[in-house]
Amino acid sequence: QVQLVESGGGLVQAGGSLRLSCAASRNINSIRAMGWYRQAPGKQRELVATMRSGGVTKYADSVTGRFTISRDNAKNTVYLQMNSLKPEDTAVYYCNADGYWTGSAYRSNDYWGQGTQVTVSS
């Protein structure tokens, strides 16, 4: 089991910044990959950014150069720093944990946070 608690969403004007936080219930070094996805009304959920346990990151083309995923291992927390926000960034943002190790076993389960609303006004 991995519980994920998100925070940091809100309303911001275009060009502004927000930082989303995702606190995990277990050592994030034991999680294969953590990331952020988003879903806008009428749209499918899409990948925003991911970070594997080794530090390799991946970003959607639409956010590259504006968003940064990072982690604080001491706090078991992953962040998404969002700069130069655009109205098209408006969506519910979800934290994701993809697989984790416990002892010598690997669990391939996929876990999601509750989502946090990000609204960017023009």
Side-chain angles (χ1 to χ4, degrees):
Q1 272 285 104
V2 182
Q3 283 83 233
L4 304 171
V5 180
E6 297 155 311
S7 61
L11 175 65
V12 65
Q13 294 188 53
S17 298
L18 285 172
R19 188 179 74 162
L20 306 182
S21 299
C22 174
S25 64
R26 66 184 300 119
N27 187 345
I28 60 173
N29 289 316
S30 71
I31 299 172
R32 183 181 68 173
M34 296 193 67
W36 294 92
Y37 292 72
R38 68 186 182 188
Q39 187 167 21
K43 304 287 187 178
Q44 290 189 312
R45 189 172 298 185
E46 64 176 350
L47 182 146
V48 177
T50 62
M51 175 179 283
R52 296 183 63 86
S53 60
V56 176
T57 58
K58 179 181 179 181
Y59 295 93
D61 289 343
S62 60
V63 308
T64 296
R66 299 188 296 120
F67 291 10
T68 303
I69 188 170
S70 63
R71 64 169 59 199
D72 185 334
N73 291 331
K75 297 180 179 179
N76 289 326
T77 298
V78 174
Y79 303 97
L80 184 68
Q81 179 66 46
M82 304 185 293
N83 298 325
S84 302
L85 282 161
K86 305 174 180 179
E88 53 262 43
D89 295 318
T90 296
V92 177
Y93 284 70
Y94 297 91
C95 184
N96 170 258
D98 182 9
Y100 67 97
W101 292 269
T102 176
S104 61
Y106 176 74
R107 309 297 186 186
S108 61
N109 301 312
D110 202 22
Y111 298 95
W112 296 90
Q114 80 286 353
T116 185
Q117 177 71 47
V118 172
T119 302
V120 184
S121 65
S122 59

Exercise. Under 3.5 Å, is there a donor-acceptor pair linking the side chains of Y94 and N96?
Worked result: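 The answer is no; no qualifying pair exists.
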For this session: Could you verify whether a donor N or O on one side chain and an acceptor N or O on the other, from Q44 and E46, lie under 3.5 Å apart?
Result: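 E46 and Q44 do not have a side-chain donor-acceptor pair below 3.5 Å.
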Exercise. Got a sec, which pairs hit side chain to side chain donor-acceptor pair (under 3.5 Å) with one end in residues 10-23, sequence neighbours left out?
Worked result: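 Found S17-N83.
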How long is the straight-line distance from [atom2] of [Y] back to [atom1] of [X], given to the nearest 0.5 Å?
X   : Y   : atom1 : atom2 : value
L80 : T68 : CG    : OG1   : 8.0 Å
K58 : I69 : NZ    : CD1   : 12.0 Å
C22 : Y93 : SG    : OH    : 15.0 Å
N73 : N27 : CG    : CG    : 7.0 Å

For this session: If a pair satisfies ring pair (Phe, Tyr, Trp, His ring centres under 6.0 Å) and one of its residues is in residues 32-62, list it, with sequence neighbours excluded.
Result: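 Non-adjacent pairs meeting ring pair (Phe, Tyr, Trp, His ring centres under 6.0 Å): Y37-W112.
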Closest non-hydrogen atom pair, [X] against [Y]:
X   : Y    : answer
T90 : Q117 : CG2-NE2, 4.0 Å
L4  : A97  : CD1-N, 3.7 Å
P87 : S122 : CG-CB, 4.0 Å
M34 : V78  : SD-CG2, 3.6 Å

Could you tell me whether the side chain of [Y] reaches within less than 4.5 Å of the side chain of [X], counting heavy atoms only?
X    : Y    : result
W101 : R32  : yes
D89  : R66  : yes
L20  : V118 : yes
R71  : N29  : yes

Problem set entry | CA sep, side-chain torsions, deciding dist, call: Y79, K75, side chain to side chain contact (heavy atoms under 4.5 Å, CB included) | CA-CA 11 Å; Y79 303 97; K75 297 180 179 179; 3.9 Å; yes
For this session: List for me each residue that meets side-chain hydrogen bond (donor to acceptor under 3.5 Å, both in side chains) alongside S62, sequence neighbours excluded, and say none if there are none.
Result: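 Applying side-chain hydrogen bond (donor to acceptor under 3.5 Å, both in side chains) to S62 gives R38.
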Exercise. Is V12 reachable from V48 through a run of hydrophobic residues whose side-chain heavy atoms are each under 4.5 Å from the next?
Worked result: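 Yes, it is one cluster - the side chains of V48 and V12 are joined through contacts under 4.5 Å.
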For this session: Show the numbers, then the answer: is there a side chain to side chain contact (heavy atoms under 4.5 Å, CB included) between I28 and T77?
Result: CA-CA 7 Å; I28 60 173; T77 298; over 6 Å; no
Exercise. Counting heavy atoms not belonging to R26, are there more than 12 under 6.0 Å from its CZ?
Worked result: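 Enclosed.
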